[in-house]
Amino acid sequence: MEIRSIRGMNDILPEDSILWKHVRDTMHRVLARYGFREILIPVLEETRLFQRGIGETTDIVEKEMYTFEDRSGQSLTLRPEATASIVRAYVQHHLYTSGKVEKFYFWGPMFRYERPQKGRYRQFYQIDVEAFGSNDPSLDTDVIASLYDFLAALRVPGVTIEINSLGCPKCRPGYHQALKAYFSDKQVKLCPDCKSRLVRNPLRILDCKVETCHALAMNAPNIHEFLCDTCKTHFRGVRGYLEDLRIPTRLNPMMVRGLDYYVQTTFEAVSENLGAQNAVAGGGRYDGLVRQLGGPDIPGIGYAMGMERLVMILKEAGEEPMEWPCDLFIATLGKDARRFGITLAAKIRKTGKVCEFSYEPKSLKALMKLANRLNARFTAIIGEDEMREQKIVLRNMETREQVTLPMDDSLPEMIVVSLDNADDSRSTQRPPFPSSFPEKSSR
RNA sequence: GUGGGUGUGGCUCAGCUGGUUAGAGCACUGGGUUGUGGCCCCAGAGGUCAAGGGUUCGAGUCCCUUCACUCACCCCA
């Protein structure tokens, strides 16, 4: 019986992981510009952390967590999201004493026990961005700007950033009441799900995809008429700054977030190119969360981005798939050549070039085929003739040009020079992904 | 948890109302080129038709069960 990976948990093979790497490289580059610093957190936490952080009644906590007891009987949970852990670390290490706004980012797997479907897996990867220590709209703006910059740098096509304000514990209850009042007399027209939402969380009805519910929701009371002055001013500030930065966003008063901790600003990056799971990133402000998890009353804001979904969009948009680079393939024929070649490979690698080697004895024809398969830009041919004459043949795989180089101490250097010259003559390099998403000028 | 779809060489799929040696394309290996890749031509290897049970003279094809994958609902990234 063949052993297979378990449901909802996928292997990311090298042909895809190169794109993942590209996304992560971009993440490091873009987020560093905003002063976000990488934080690494454990995969396992005490179950209580998520119960308190995410909310006891959320779907995540109620039915989606991988929870089990360890050998000492303690209840542990594989993290279903990163925010709670990062808040925990922030509190545990007293990072709020640093005297500055602390900004973190993180990348890693999350776990939720759900039925897998397009863009949703049981082990999935998120990029997570969090900032603590200010309630000023300028921080909201910077966080959203970092998301925008990130997507722009990746040239992600067809993405819109939607924003909204959910109000705060002071003004949201009033809105809840208004929604309940509005939907109550229209209850018969609501779908079964929305009928129960009416009791549990009327906000969710706004999000319903059923035609009739959606139509009713269109005329429902608008959250922005219920925001208190503080929230109103705050949201106006965020929108104003975003406009100053020329970051295009769309106000979506119907947007609702799924986790309990969100207040005021919420936002989502939605793609037209995904399936039913169209959110690439989502986040918002969570001013009560640090306190909720035992820290001081410090505000925070952040977002999470779904790697699989991001990569999915990029793959669809990419004209040519990315490939792992190979600068040089060393093709050897015979024992003596192999011995010389493996040493040469080591020297080439010390220069920083990517170098592959012919491990298995093959005919030259087969070796050339291999060079092709390895995507090698150059092939160094070292056979019996070359060993006898103390020289090697260097072939440019693209132009088919070959030069002969002497086997002396300068050989590695000569090879590197040839490789670099070829680089310079390649006039324009096409970007890996085209874009309809406006690229903001960088560097 | 609920509903739909699909399981045939490594991959993508044909296989008509059950009929006897299960096919194609791509990929792979070898050859055409005795030391030069991509294109072309030729040849070869590779399948208990997801698994189990049933109907039948006969099942890849029909029925049942299980499993897997997939899409959608719920919810979320």
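Keep in mind the model is a prediction, meaning the values are calculated, not measured. Here is how names work: the chains are called A, B, and so on, in the same order as the sequence lines, proteins then strands, and each is numbered from 1.
- The C1' atoms of B/U48 and B/G9 are separated by 13 Å, rounded to the nearest whole Å.
- The separation of B/C26 from B/U65, taken at their P atoms, amounts to 41 Å, rounded to a whole angstrom.
- A/E64 and A/Y66 share no donor-acceptor pair across their side chains, judged by distance under 3.5 Å alone.
- Only the C1' atoms considered, B/U70 is 28 Å distant from B/G54, to the nearest whole Å.
- Nucleic acid contact class of A/E62 (heavy atoms, under 4.0 Å, all strands): none.
- A cation-pi geometry, defined here as NZ or CZ lying under 6.0 Å from the six-membered ring centre and within 45° of its normal, holds between A/R122 and A/Y113.
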CA sep, side-chain torsions, deciding dist, call: A/K362, A/E360, salt bridge (charged side-chain N to carboxylate O under 4.0 Å, His left out): CA-CA 6 Å; A/K362 284 184 198 296; A/E360 293 286 305; over 6 Å; no
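- Using atom P as the reference point in both B/C62 and B/A14, the two lie 14 Å apart (nearest Å).
- Under the 4.0 Å criterion applied to side-chain N and carboxylate O atoms, A/R112 and A/E81 are not assigned as salt-bridge partners.
- Searching all strands for a Watson-Crick or G-U wobble partner of B/A43 with both distances below 3.5 Å returns B/U29.
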Provide a list of protein-nucleic acid N or O atom pairs under 3.5 angstrom, restricted to nucleotides 29-33 of chain B.
| from | atom 1 | to | atom 2 | distance (Å) |
| --- | --- | --- | --- | --- |
| B/U29 | OP2 | A/R373 | NH2 | 3.4 |

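- A/R257 comes within 4.0 angstrom of sugar-phosphate atoms only, judged by non-hydrogen atoms across all strands, and of no base.
- A/D25 pairs with exactly one of A/R29, A/H22, A/K21 by the side-chain hydrogen bond (donor to acceptor under 3.5 Å, both in side chains) rule, that one being A/K21.
- A donor-acceptor pair under 3.5 Å is formed between the side chain of A/K103 and the backbone N or O of A/Y34.
- Nearest-nucleotide positions on RNA chain B place A/E386 closer to the 5' end than the other of A/E386 and A/N278.
- When both pairing distances are held under 3.5 Å, B/G3 makes a Watson-Crick or G-U pair with B/C71.
- Counting only heavy atoms from C-beta outward, the side chains of A/M305 and A/M27 never approach each other to under 4.5 Å.
- A/Q402 comes within contact range of at least one nucleobase, with a heavy-atom separation under 4.0 Å.
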Contact list (N/O, under 3.5 angstrom) for nucleotides 68-72 of chain B vs protein:
| from | atom 1 | to | atom 2 | distance (Å) |
| --- | --- | --- | --- | --- |
| B/C69 | OP2 | A/R7 | NE | 3.2 |
| B/C69 | OP2 | A/R7 | NH2 | 3.2 |
| B/C71 | OP2 | A/K118 | N | 3.0 |
| B/A72 | OP1 | A/A276 | N | 3.0 |
| B/A72 | OP2 | A/Q117 | NE2 | 3.3 |
| B/A72 | OP2 | A/K118 | N | 3.4 |

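- Under the Watson-Crick and G-U wobble criteria, each requiring two contacts below 3.5 Å, nucleotide B/A24 is paired to B/U12.
- Between A/R339 and A/D336 no salt bridge is recorded (no basic side-chain N to carboxylate O distance below 4.0 Å).
- If you take CZ of A/R204 and P of B/C74, they are 10 Å apart, rounded to a whole angstrom.
- Separating the C1' atom of B/A51 from that of B/C42 is a span of 40 Å, rounded to the nearest Å.
- Contacts of A/A371 with the nucleic acid, taken as non-hydrogen atoms under 4.0 Å apart, are absent.
- In this structure, A/E114 atom CD and B/C73 atom C1' are separated by 12 Å, rounded to whole Å.
- Nucleotides B/G30 and B/C69, compared at atom C1', are 36 Å apart to the nearest Å.
- For the pair A/R338 (side chain) and A/S358 (backbone), a donor-acceptor distance under 3.5 Å is present.
- Distance A/L364 CG to B/U36 P: 6 Å, rounded to the nearest Å.
- Between the side chains of A/Y148 and A/T249, no donor-acceptor pair is found at a separation under 3.5 Å.
- For B/U20 and B/G58, the C1' atoms lie 8 Å apart once the distance is rounded to whole Å.
- Pairing each heavy atom of A/V354 with each of A/D327, the nearest pair is N-OD2, 2.7 Å.
- When both distances must be under 3.5 Å, the Watson-Crick or G-U wobble mate of B/C76 does not exist.
- Among B/C74, B/G37, B/A77, the nucleotide with an atom closest to any side-chain atom of A/M397 is B/G37.
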Under 4.0 Å protein heavy-atom contact, by nucleotide of nucleotides 45-51 of chain B - B base, S sugar-phosphate only: -------
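- At a threshold of 4.0 angstrom between heavy atoms, the contacts of A/D128 with the nucleic acid are absent.
- Within 3.5 Å, a donor on the side chain of A/R120 pairs with an acceptor on the base of B/C75, or the reverse.
- For B/G18, there is no paired nucleotide, since no Watson-Crick or G-U wobble pair has both relevant distances below 3.5 Å.
- Note on ring orientation: taking the six-membered ring where Trp is involved, the planes of A/F132 and A/Y90 are parallel (angle under 30°, cut-offs 30° and 60°).
- In this structure, CG of A/N372 is placed 14 Å from C1' of B/A27, rounded to the nearest angstrom.
- B/A59: no Watson-Crick or G-U partner with both key distances under 3.5 Å is found in any strand.
- Across all strands, A/I60 comes closer than 4.0 Å to no nucleic acid atom at all (heavy-atom distances).
- Using the six-membered ring where Trp is involved, A/F357 and A/Y359 have ring planes that are perpendicular, over 60° apart on the 30 and 60° scheme.
- As rounded to whole Å, 14 Å separates atom C1' of B/A77 from atom CZ of A/F106.
- Base pairing of B/U65: its partner is B/A51, meeting the Watson-Crick or G-U wobble criterion (both donor-acceptor distances under 3.5 Å).
- Residue A/R395 contributes atom CZ, which lies 10 Å from atom C1' of B/G38 at whole-angstrom precision.
- Between A/S85 and the choices A/E130, A/R79, A/E45, the side-chain hydrogen bond (donor to acceptor under 3.5 Å, both in side chains) rule is met once, by A/E45.
- Looking at A/E398, its side chain has no donor and acceptor atom pair within 3.5 Å of the base of B/G37.
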Residue pair A/R388, A/D385: steps toward the side chain to side chain contact (heavy atoms under 4.5 Å, CB included) verdict: CA-CA 5 Å; A/R388 200 179 315 116; A/D385 299 352; 3.3 Å; yes
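- For the C1' atoms, the distance linking B/G60 with B/G18 amounts to 10 Å, nearest Å.
- Rounded to whole angstrom, the span from the CZ atom of A/F50 across to the P atom of B/C75 amounts to 22 Å.
- Of the candidate nucleotides B/G38, B/A77, B/G35, B/G35 has the atom lying nearest to any side-chain atom of A/L333.
- Distance, A/L203 CG to B/C76 P: 11 Å, rounded to whole Å.
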